[in-house]
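Residue indices begin at 1 and follow the sequence shown.
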Amino acid sequence: MTILDELAARARVRVADAKQHTPFELLKERVAEANANAARNTMYAACETAQAGTSGNVACASANETRTANAATSANETCTANETRAANAATTTHAATFPFEQALRCDGLSFICECKRASPSKGLIAPHFPYLDIAQAYEAAGANAISVLTEPSAFLGEARYLQEIASAVHIPCLRKDFIVDEYMIYEAKLLGAQAVLLICTILDTPTLAAFLRCCNELGLSALVEAHNKQEISNAIAAGARIIGVNNRNLHDFSVSTNCATELRKYVPPEIAFVAESGIQSATDVLEAYNAGADAVLVGEAMMRAENKAAELAKLRSKLPATATATGGAHDLR
């Protein structure tokens with residue numbers, strides 16, 4: 001059994017344990033409730049903005065006033081109906097925006113910077129792991145998205161890292177784990193992720209297609225990871241909108257940055273392309289850009305850097321000025 005097979009098997013055990021604690025149907029209910037709350041908050045914020053400075057706002061000055069004001073019953077019924085329509089519209093809008101994909105489609109080359117404490121190939125990377133500080137430093141440095149490891153055994157990740165980081169930053173977050181069950185996709189949504197990683201090597205094409213449909217229904221993007229031409233074909237057949245090629249062989253952990261550049265030609269231009277792993281220098285970044293990558297995912301180089309802004313600037317240093325897709329300040333979530 002390879003380490004990849006072992007990690008996938010461990011993920012199945014984690015899912016089985018999680019289902020004992022929180023049955024799948026209950027998890028789905030929690031996700032639906034969170035979506036509804038988010039939609040209502042969006043509606044309330046829009047209502048408050050529209051009504052700001054206007055007199056006589058009894059019916060809809062704010063959500064709390066609407067519930068407590070002694071307005072006429074008919075007015076309350078009208079506001080309730082409006083809330084329902086607005087909540088449904090907000091949910092649909094949220095599902096259609098896919099902020100992770102927007103982040104990768106910015107002008108220039110996008111950077112997905114990774115928060116990880118350890119890896120099977122490098123061992124412990126960050127004995128001291130102030131994950132919130134790291135994520136916020138990435139955002140301040142101009143990262144377009146953040147990848148957060150939640151796999152606990154080999155990467156020392158935790159679900160709470162993702163949940164807390166997603167709440168603390170204003171750029172999209174990717175749940176990076178060995179997704180082997182739809183349950184994990186629902187978990188990612190509840191934790192605040194805007195995308196999940198799906199690995200072709202551990203998912204057959206029908207399962208991959210089913211997981212992609214699940215992501216789409218939840219308003220999540222999926223970074224579909226491939227390692228060869230056949231897996232790229234499988235990803236395309238399954239309906240992937242983002243394909244990443246991992247320069248690291250997950251069976252023996254060898255790295256070849258040529259892997260992504262050589263396989264780029266098999267991915268149609270309408271599908272976003274990400275070069276993953278082994279990105280250590282400005283030359284590596286430039287090669288990915290010249291090959292037509294839309295984004296690079298950088299892990300160890302950023303994690304080991306004391307100054308995240310300086311390291312990201314260094315990685316971008318050989319790119320033409322028009323190729324710098326700065327993230328950070330704007331909220332894409």
Side-chain angles (χ1 to χ4, degrees), residues 95-114 143-145 147 171-176 179 185 188 193-250 255-279 284-298 316 319-320 322-325 327 332:
T97 55
F98 297 104
F100 185 78
E101 290 170 55
Q102 290 184 43
L104 302 194
R105 290 298 192 179
C106 293
D107 292 336
L109 185 71
S110 297
F111 279 74
I112 307 166
C113 296
E114 192 156 83
N144 302 89
S147 168
I171 54 178
C173 292
L174 164 75
R175 181 185 188 180
K176 196 170 185 186
I179 305 291
I185 300 174
Q194 287 78 38
V196 297
L197 178 72
L198 300 177
I199 303 174
C200 284
T201 305
I202 61 174
L203 302 172
D204 59 36
T205 306
T207 302
L208 177 60
F211 285 7
L212 285 168
R213 287 194 294 272
C214 178
C215 288
N216 201 54
E217 290 167 2
L218 292 176
L220 292 173
S221 299
L223 171 56
V224 181
E225 182 173 293
H227 299 84
N228 54 50
K229 181 181 177 182
Q230 183 58 55
E231 289 185 352
I232 288 175
S233 296
N234 294 346
I236 294 170
R241 296 196 300 268
I242 310 170
I243 292 177
V245 169
N246 196 332
N247 290 312
R248 176 171 283 110
N249 185 314
L250 295 183
V255 174
S256 171
T257 53
N258 292 329
C259 187
T261 55
E262 290 173 358
L263 292 174
R264 175 66 182 95
K265 60 180 174 288
Y266 300 113
V267 179
E270 65 270 17
I271 295 176
F273 183 82
V274 182
E276 304 175 42
S277 298
I279 306 294
D284 294 335
V285 170
L286 181 61
E287 288 176 354
Y289 172 75
N290 287 337
D294 296 290
V296 291
L297 192 154
V298 188
R316 284 180 165 140
L319 292 173
T322 55
T324 301
L332 280 174

request  = Would you check, one step at a time, whether the test side chain to side chain contact (heavy atoms under 4.5 Å, CB included) holds for L286 with L319?
outcome  = CA-CA 6 Å; L286 181 61; L319 292 173; 4.3 Å; yes
Student check: side-chain heavy atoms of [X] and [Y] closer than 4.5 Å:
X: S277; Y: V255; answer: no
X: V196; Y: F211; answer: no
X: L104; Y: I112; answer: yes
X: L109; Y: R316; answer: no
X: L220; Y: R175; answer: no

request  = Applying side chain to side chain contact (heavy atoms under 4.5 Å, CB included), name anything that partners A288, two or more places apart in sequence or on another chain.
outcome  =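 Counting only residues at least two positions away or on another chain, A288 forms a side chain to side chain contact (heavy atoms under 4.5 Å, CB included) with A275, A293, V296.
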message = My understanding is that only residues two or more places apart in sequence, or in another chain, count here; which of them pass side chain to side chain contact (heavy atoms under 4.5 Å, CB included) with P268?
response =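 With sequence neighbours excluded, P268 shows a side chain to side chain contact (heavy atoms under 4.5 Å, CB included) to I236, E270, I271, given in chain and number order.
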inquiry  = Quick check against the 3.5 Å criterion: does E114 have a side-chain atom that pairs as donor or acceptor with the backbone of V298?
reply    =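 No; judged by distance alone, with no hydrogens or angles, the pair does not exist.
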Can you see which heavy atom on [X] is nearest to which on [Y], and at what distance?
X: T261; Y: N258; answer: OG1-O, 2.9 Å
X: D294; Y: A272; answer: OD2-CA, 3.3 Å
X: T97; Y: Q102; answer: O-NE2, 2.8 Å
X: N247; Y: C259; answer: OD1-CB, 3.5 Å
X: R264; Y: P269; answer: NH2-CA, 4.3 Å
X: A235; Y: I243; answer: CB-CD1, 3.8 Å

message = Once salt bridge (Lys or Arg N to Asp or Glu O under 4.0 Å) is applied, do any residues pair with R213, and if so which ones, sequence neighbours excluded?
response =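 None.
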task = Apply salt bridge (Lys or Arg N to Asp or Glu O under 4.0 Å) to E276 and list each qualifying residue two or more places apart in sequence or on a separate chain.
result =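 Testing E276 for salt bridge (Lys or Arg N to Asp or Glu O under 4.0 Å), a comparison that skips the adjacent residues, returns none.
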task = With sequence neighbours left out, write down each residue that passes side chain to side chain donor-acceptor pair (under 3.5 Å) with E262, or none if nothing qualifies.
result =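 Once residues adjacent in sequence are excluded, E262 has no partner under the side chain to side chain donor-acceptor pair (under 3.5 Å) criterion.
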inquiry  = Test: salt bridge (charged side-chain N to carboxylate O under 4.0 Å, His left out). Region: residues 227-249. Which pairs qualify, not counting sequence neighbours?
reply    =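 Sorted pair list: E101-R241.
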message = As an exercise, state the distance from OG1 of T205 to CG of N234, rounded to the nearest 0.5 Å.
response =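 Between atom OG1 of T205 and atom CG of N234 there are 3.5 Å.
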ask   = Yes or no on side chain to side chain contact (heavy atoms under 4.5 Å, CB included) for I279 and V285, after CA distance, side-chain angles and deciding distance?
value = CA-CA 7 Å; I279 306 294; V285 170; 3.6 Å; yes
